[in-house]
Amino acid sequence: MKIDLITIFPGMLDGPFRESMIKRAVDRGLVEINLVDLRSYTRDRHRQVDDTPYGGGCGMILKPEPLFDAVEDLKSKSDCEYPWVILLTPQGRRFDQQEARNLSGKKHLILICGRYEGVDERARLGLVDEEISIGDFVLTGGELAAAVVVDAVVRLLPGFISEEAAANESFSDSLLEHPHYTRPPVYRGMEVPPVLLSGNHAEIERWRRQQSVKRTYERRPDLLKKADLLPDDKSYLKDILKQQE
Ligand code: ADE
């Protein structure tokens, strides 16, 4: 996979992709991540990427010309027939794990990090395939949102983590994860649940599944509607409800 990030603050995105597991994915050639400085696509003496809004108002708008030049240049150099262009904006569709899965199947992503009050509407209409928001809050720009999207997508690429781990994690079946413990067995008087030390794998799996169902019920009941619940899960849920009566 190739990911281009168009930004006026490449320094903001330097760190996240040069550390940890994402760096390993880059080093192993699973993904190529390019930071593209929008300013390098300006043609005027002042290298201007933004301007004041027509009609007045505060804030600055990203100009259309450098954005068109940047996206068209990146597309012309692409091996992929249809690079997928994403604009990060609070007005976009809410990002979630399903969307991360969809994007992880694409060969080439071009992410435009919006800034200031927004981007010129003609750039949005003429260049963008999809608008993504990472949540109902407003950041100073799309850079951190782009880092979130790239992180969630890259870790789903084949070979990044084992398929078993990917299948077991939170949200893969719309359930939250069970609690985790590691050594020591007792810490500040808090004990690891005995079942986890029992060596009985069937019992451990049962306990984990029940904890997942319980957590999802307590914290994100909205997710339960989407979850693929097994007959055992349903009877466990009924037990929880009965206990609360
Ligand atoms: N730019 C500013 N806020 C944003 C958000 N919540 N999601 C995506 N891009 C943004």
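Note that this is a predicted model, so its numbers are computed, not measured.
When all heavy atoms of Leu111 and Ala146 are compared, the closest pair comes out as CD2-CB, 3.9 Å. When every heavy atom of Gly199 is checked against every heavy atom of Ile204, the shortest pair comes out as N-CD1, 4.3 Å. Nearest approach of Ala25 to Val154, heavy atoms of both residues: CB-CG1, 3.8 Å. Nearest approach of Ser235 to Asp232, heavy atoms of both residues: OG-O, 3.1 Å. Here the closest heavy-atom approach between residue Phe68 and residue Ala123 is recorded as CE1-CA, 3.6 Å. Considering every non-hydrogen atom in both Pro83 and Asp129, the closest pair reads O-OD2, 3.7 Å.
Judged by distance alone, the side chain of Thr42 and the main-chain N or O of Asp44 form no donor-acceptor pair under 3.5 Å. Remark: the backbone N or O of Leu176 is paired with a side-chain donor or acceptor of Thr216 at under 3.5 angstrom. Using modelled atom types, one side-chain atom of Ser104 and one backbone atom of Arg101 make a donor-acceptor pair closer than 3.5 Å. Side chain of Asp96 to backbone of Gln98: a donor-acceptor contact under 3.5 angstrom is found. Side-chain atoms of Arg94 never come within 3.5 Å of backbone atoms of Gly135 as a donor-acceptor pair (strictly under, hydrogens ignored). Judged purely by atom type and a 3.5 angstrom limit, Asp233 uses its side chain to pair as donor or acceptor with the backbone of Leu230.
Linking Ile, Leu, Val, Met, Phe, Trp and Tyr residues whenever their side-chain heavy atoms come within less than 4.5 Å places Leu88 and Phe137 in a single cluster. Criterion: ILVMFWY side-chain heavy atoms under 4.5 Å apart, direct or through other members. Under it, Leu241 and Tyr236 are part of a common hydrophobic cluster. Placement of Leu156 and Phe17 in two distinct hydrophobic clusters is found when ILVMFWY residues are connected by side-chain heavy-atom separations under 4.5 Å, directly or transitively. Cluster membership check: Leu196 does not share its hydrophobic cluster with Met190, using side-chain heavy-atom separations under 4.5 Å among Ile, Leu, Val, Met, Phe, Trp and Tyr.
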**Request:** Please assess Ile161 against Met21 for the test side-chain contact (heavy atoms from CB on, under 4.5 Å), listing each intermediate value before the final yes or no.
**Result:** CA-CA 10 Å; Ile161 48 175; Met21 301 270 286; 4.2 Å; yes
**Item:** salt bridge (charged side-chain N to carboxylate O under 4.0 Å, His left out) assessment of Asp27 paired with Lys23
**Value:** CA-CA 6 Å; Asp27 291 346; Lys23 176 181 184 318; 2.8 Å; yes
**Asked** Given Val150 and Leu5, is the side-chain contact (heavy atoms from CB on, under 4.5 Å) satisfied, shown in steps?
**Response** CA-CA 10 Å; Val150 169; Leu5 295 126; 4.1 Å; yes
**Request:** Please assess Glu143 against Arg115 for the test salt bridge (charged side-chain N to carboxylate O under 4.0 Å, His left out), listing each intermediate value before the final yes or no.
**Result:** CA-CA 9 Å; Glu143 282 76 8; Arg115 270 276 139 188; 2.8 Å; yes
**Request:** Show your reasoning for whether side-chain contact (heavy atoms from CB on, under 4.5 Å) applies to Ile22 and Ile33.
**Result:** CA-CA 10 Å; Ile22 302 297; Ile33 300 176; 4.0 Å; yes
**Item:** From CA spacing to verdict: side-chain contact (heavy atoms from CB on, under 4.5 Å), Val128, Ile112
**Value:** CA-CA 9 Å; Val128 173; Ile112 302 174; 4.3 Å; yes
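To the nearest 0.5 Å, the span separating CD on Glu99 from CD1 on Ile134 amounts to 13.5 Å. With rounding to the nearest 0.5 Å, the separation of CG in Asn102 from CD in Gln97 is 10.5 Å. From Arg124, atom CZ reaches atom CG of Leu87 across 8.0 Å, with rounding to the nearest 0.5 Å. Between Leu157 atom CG and Leu30 atom CG the span is 6.0 Å, to the nearest 0.5 Å. Atom CG in Leu175 sits 8.5 Å away from atom CG in Asp228 (nearest 0.5 Å). Note: Glu218 CD to Ile240 CD1 = 6.5 Å, rounded to the nearest 0.5 Å.
Heavy-atom neighbours of Gln91 CD from other residues, nucleotides or ligands within 6.0 Å: at or below the threshold of 12. Environment of CG in Asp79: sparse, with no more than 12 heavy atoms of neighbouring residues, nucleotides or ligands closer than 6.0 Å. Crowding of Lys75 atom NZ: a count of heavy atoms from other residues, nucleotides or ligands under 6.0 Å exceeding 12. Atom NE2 of His201 has 12 or fewer neighbouring heavy atoms from other residues, nucleotides or ligands inside a 6.0 Å radius. More than 12 heavy atoms of other residues, nucleotides or ligands sit less than 6.0 Å from atom CD of Glu121. Enclosure of atom OH in Tyr54 is not indicated, since only 12 or fewer non-hydrogen atoms of other residues, nucleotides or ligands lie within 6.0 angstrom. Arg28 CZ: more than 12 foreign heavy atoms inside a 6.0 Å radius.
Residues His108 and Trp84 form no side-chain contact, since every pair of their non-hydrogen atoms from C-beta on lies 4.5 Å or further apart. With a 4.5 Å cut-off on side-chain heavy atoms, Val71 and Val85 count as touching. The shortest distance between side-chain heavy atoms of Phe95 and Ser133 does not fall below 4.5 Å. A 4.5 Å side-chain heavy-atom check between Leu67 and Tyr41 finds every atom pair outside the cut-off. In this structure, the side chains of Ile110 and Ile86 stay at 4.5 Å or more apart for every pair of heavy atoms. Put simply, the side chain of Leu103 reaches to within 4.5 Å of the side chain of Leu109, judged on heavy atoms. Inter-residue side-chain proximity for Lys2 and Val31 is flagged as unmet; no heavy-atom pair is nearer than 4.5 Å. Put simply, the side chain of Leu13 reaches to within 4.5 Å of the side chain of Cys113, judged on heavy atoms.
Between the side chains of Asp50 and Gln48, no donor N or O sits under 3.5 Å from an acceptor N or O. No side-chain donor-acceptor contact under 3.5 Å links Ser212 and His178.
Contact check on Arg155 versus Asp151 returns no salt bridge, with no Lys/Arg side-chain nitrogen under 4.0 Å from an Asp/Glu carboxylate oxygen. Ionic pairing of Glu205 and Arg209 is not present here: no N-O contact between side-chain nitrogen and carboxylate oxygen is shorter than 4.0 angstrom. Between Arg93 and Glu131 no salt bridge is recorded (no basic side-chain N to carboxylate O distance below 4.0 Å). The pair Lys63-Asp120 fails the salt-bridge criterion, with no side-chain N (NZ, NE, NH1 or NH2) lying under 4.0 Å from an Asp/Glu carboxylate O.
In this view, Trp207 satisfies the side chain to side chain donor-acceptor pair (under 3.5 Å) rule with no residue, not counting sequence neighbours.
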